[in-house]
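Heads up: the structure comes next, in structure tokens.
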Amino acid sequence: MGTSTRFRERVYAAVKRIPPGKVCTYKTIAQMLGCKAYRAVGGALRANKHPMIIPCHRVVCSDGRVGGYFGRKASAKKVKLLKGEGITITKGKVLGFGGVLWR
DNA sequence: CGCTTGACACCGT
DNA sequence: AACGGTGCCAAGC
């Protein structure tokens, strides 16, 4: 494992609870942790070395845009993973965002 | 200990 | 709708 911090572990714990076919936002994760560190949440996910265990592809932007993946602003891989769970992405945004939003 | 960097969010224009 | 500036906060140097 890479550098382990309490903050990151809290982020990972929250992300692991997102069920397949649903998405959550960086903002919501931060709120669950009791803070507004939206960007720090992205930073924690960027450090995630176990995407198969921590489903970070289910974390998207608050306006429905897919957001980044593995340090990149955009990723076809992230879109593919989401589509594989039944989520439709149109023009880089989650279709029916409110309906697939978890929590 | 201080400055910079983000896988973001929000507001004004 | 699309930019651009500002704010949030952990991590890295």
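Predicted, not measured: the structure shown is a model, and the values here were computed from it. Any value given below was found using the heavy atoms of this structure, including those in side chains, with hydrogens, waters and symmetry copies removed.
The distance between atom CG of A/D63 and atom C1' of B/dC8, rounded to the nearest whole Å, is 9 Å. Counting to the nearest Å, the P atom of B/dC8 and the CZ atom of A/F97 are 13 Å from each other. When rounded to the nearest whole Å, the span between OH of A/Y12 and P of B/dA7 equals 13 Å. In this structure, CG of A/L33 is placed 12 Å from P of C/dC9, rounded to the nearest angstrom. As rounded to whole Å, 11 Å separates atom C1' of C/dA2 from atom CZ of A/R65. The distance from atom NZ of A/K73 to atom P of B/dT5 is 14 Å, rounded to the nearest whole Å. Between the CZ atom of A/F70 and the C1' atom of B/dG6 there is a distance of 17 Å, rounded to whole Å. Going from atom CZ of A/F7 over to atom P of B/dA7 covers 14 Å, rounded to whole Å.
One can find a donor-acceptor pair under 3.5 Å joining the base of B/dA7 and the side-chain atoms of A/Y26.
Taking only side-chain nitrogens and oxygens, A/T5 comes nearer than 4.0 Å to OP1 or OP2 of C/dA11. Residue A/K27 has a polar side-chain atom (N or O) positioned under 4.0 Å from OP1 or OP2 of B/dC10. Listed pair A/S62 / B/dA9 meets the phosphate criterion, a side-chain N or O lying under 4.0 Å from OP1 or OP2. Of the side-chain N and O atoms in A/R8, one or more sit less than 4.0 angstrom from OP1 or OP2 of C/dG12. Contact annotation: A/R39 does not reach the phosphate of B/dC8 (side-chain N/O to OP1 or OP2, under 4.0 Å).
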Assess whether side chain to side chain contact (heavy atoms under 4.5 Å, CB included) is satisfied between A/M32 and A/R10, documenting all intermediate values.
-> CA-CA 9 Å; A/M32 284 189 238; A/R10 284 181 191 159; over 6 Å; no

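Annotation: the span from A/I53 atom CD1 to A/N48 atom CG amounts to 8.5 Å, rounded to 0.5 Å. Taking CZ from A/R39 and OH from A/Y26, the interatomic distance works out to 12.0 Å, rounded to the nearest 0.5 Å.
A/K22 has no carboxylate O lying under 4.0 Å from a charged side-chain N of A/E85, or vice versa, which leaves the two without a salt bridge.
A/A40 comes within 4.0 angstrom of a base, heavy atoms only. Counting any heavy atom pair closer than 4.0 Å across all strands shown, A/G71 reaches a base atom. Residue A/C35 is classed as having no contact, given no heavy-atom separation below 4.0 Å to the nucleic acid.
Following chains of ILVMFWY side-chain contacts shorter than 4.5 Å, one can reach A/F70 starting from A/L81, so the two form part of one hydrophobic cluster.
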